[in-house]
Protein chains: 2
Amino acid sequence: MMQFDNIYKISDAAKEALNQLMREEVYPKNALIQPVGSSCRTVYIIKKGSARIFYYKDGNDITEHFAFDNDMIVRAESLFTGQPTSKGIQTIDRTEIIALDAFKLFQLYDQHHDLERLFRLIFEREYVNTVKRLESLQFKSAKERYLDLLNSTDYVQKIPLKYIASYLGITQVSLSRIRNRLL
Amino acid sequence: MMQFDNIYKISDAAKEALNQLMREEVYPKNALIQPVGSSCRTVYIIKKGSARIFYYKDGNDITEHFAFDNDMIVRAESLFTGQPTSKGIQTIDRTEIIALDAFKLFQLYDQHHDLERLFRLIFEREYVNTVKRLESLQFKSAKERYLDLLNSTDYVQKIPLKYIASYLGITQVSLSRIRNRLL
DNA sequence: TAGAATTTTTGCCAAAGGTCAGGCGGTGTA
DNA sequence: TACACCGCCTGACCTTTGGCAAAAATTCTA
């Protein structure tokens, strides 16, 4: 289980209620966990493995987000609005995941305020990560962004180049050239 | 005052406590509300006017965010981490603002859970906006982003081009050319 | 209102990145 | 084994955007 305790300590009762909600799921490589066009009704936490959020733009597969061990993965624009999203979630490697029914989780907030607080803090972190990513997309060169990503996690080595390229906002071809020039 | 009620109704007691925290401030055009390098300890809500979050990259002034009537403006990466940020806040026009001491607000959460919920929901909206902006920076052309911005609010007409350019992730010169080509 | 300062536009050239097409090596499968 | 497929690389050429500089337009201010 995730190290929630580092973020905010919740009561045993809340912990118990939360545990009731958790479903452990294991997916093979390249499994489509959530299809494009669905609504986000599940909060996923990656126990071990890797996954990505993606969508199609002009027929091209674009990776918006990567998640690895202990990362949470949700499609915020759907989870927090109730609207369906044109984004999907797919595993990259074989992945062990903890799935939480979002609706039930939100319902628990009424009984367990500490649970609401815990998840508020968790989502705040995600928010901050998103702001930082925005910053890097706004004014860093593709090469800088690639180097930043390389430094962020060793997992990057295992991710197909095509996923990385769109995540960086460039084409595979350009990323291949950037890599080449780095040698 | 903001239409909080549309988001989540809070008790009279919470409303009262919140009102105690609110300071109304009026700033002239181009006023530096929060300097670069400071920590974000205040939640601002714009009553009337416009402001921006900006920072310097390689000596260039970069606008990260615009806010207009009824928008909240905070530097999330500092507010939620406690770390100082290299970003500042500046008015664009004469602006009437409601300022909330963030520390006191967060303290109120312990007594007023409905206040915590209200602000959780408010920040979730901000989070969603940030995700959408990320999406547009990742794979839309500068021209598309400019047109999107134009459609988003009439205020854009009043914002200096140099602010808009960096917000879109391009230089003033490029934006000027894009504008020209649109005629 | 004149002059200064700032903002926006334009021209010219360079660099980054996109598009299209083909090549090459590894993997899977009949 | 042969062949198809996939992922990544490379070349040629094009488009978008950047850098620099200067002109034009606008705004500020005395």
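In this text, all values refer to a predicted model and were calculated from it rather than measured experimentally. Chain letters run A, B, ... following the sequence lines, proteins first, then strands; residues in each count from 1.
- Both R177(A) and K162(B) sit near DNA chain C, but only K162(B) has its closest nucleotide nearer the 5' end.
- Here S176(A) reaches the OP1 or OP2 of dC9(D): one of its side-chain N or O atoms lies under 4.0 Å away.
- Shown here is K104(B), whose NZ atom has no more than 12 heavy atoms of other residues, nucleotides or ligands within 6.0 Å.
- Checked by atom type, the side-chain pair S78(B)/R41(B) shows no donor-acceptor distance below 3.5 Å.
- The CD1-P distance, from I170(A) to dT17(D), rounds to 16 Å in whole Å.
- Rounded to whole Å, the distance from NZ on K143(A) to P on dG17(C) is 10 Å.
- Between the CD1 atom of I178(B) and the P atom of dT15(D) there is a distance of 16 Å, given to the nearest Å.
- A salt bridge does not link E135(A) with K140(A): none of the charged nitrogens is closer than 4.0 Å to a carboxylate oxygen.
- Closest to the S174(A) side chain, of the nucleotides dT8(C), dG17(C), dC9(D), is dG17(C).
- Look at NZ on K158(A): it is 18 Å from C1' on dG7(D), rounded to the nearest Å.
- Ion pairing between a basic and an acidic side chain is recognised when a charged N comes within 4.0 Å of a carboxylate O; R117(B) and D110(A) show such pairing.
- If you measure from atom CD1 of I159(A) to atom P of dC8(D), you get 11 Å, rounded to the nearest angstrom.
- Here the side chain of A142(B) is nearest to one of dC8(D), dT9(C), dT17(D), namely dT17(D).
- Taking a cutoff of 4.0 Å between a charged side-chain nitrogen and a carboxylate oxygen, R120(A) and E116(A) do not qualify as a salt bridge.
- Protein atom CG of N60(A) is 18 Å distant from nucleotide atom P of dG17(C), rounded to whole Å.
- Residue Q172(B) is classed as a base contact, given a heavy-atom separation below 4.0 Å to a base.
- Listed pair T171(A) / dG18(C) meets the phosphate criterion, a side-chain N or O lying under 4.0 Å from OP1 or OP2.
- Taking atom CG of D58(B) as the reference point, atom P of dG18(D) lies 13 Å away to the nearest angstrom.
- In terms of position along DNA chain D, the nucleotide closest to L161(A) lies nearer the 5' end than the nucleotide closest to the other residue of the pair L161(A) and K29(B).
- The separation between F139(A) atom CZ and dT17(D) atom P is 12 Å, rounded to whole Å.
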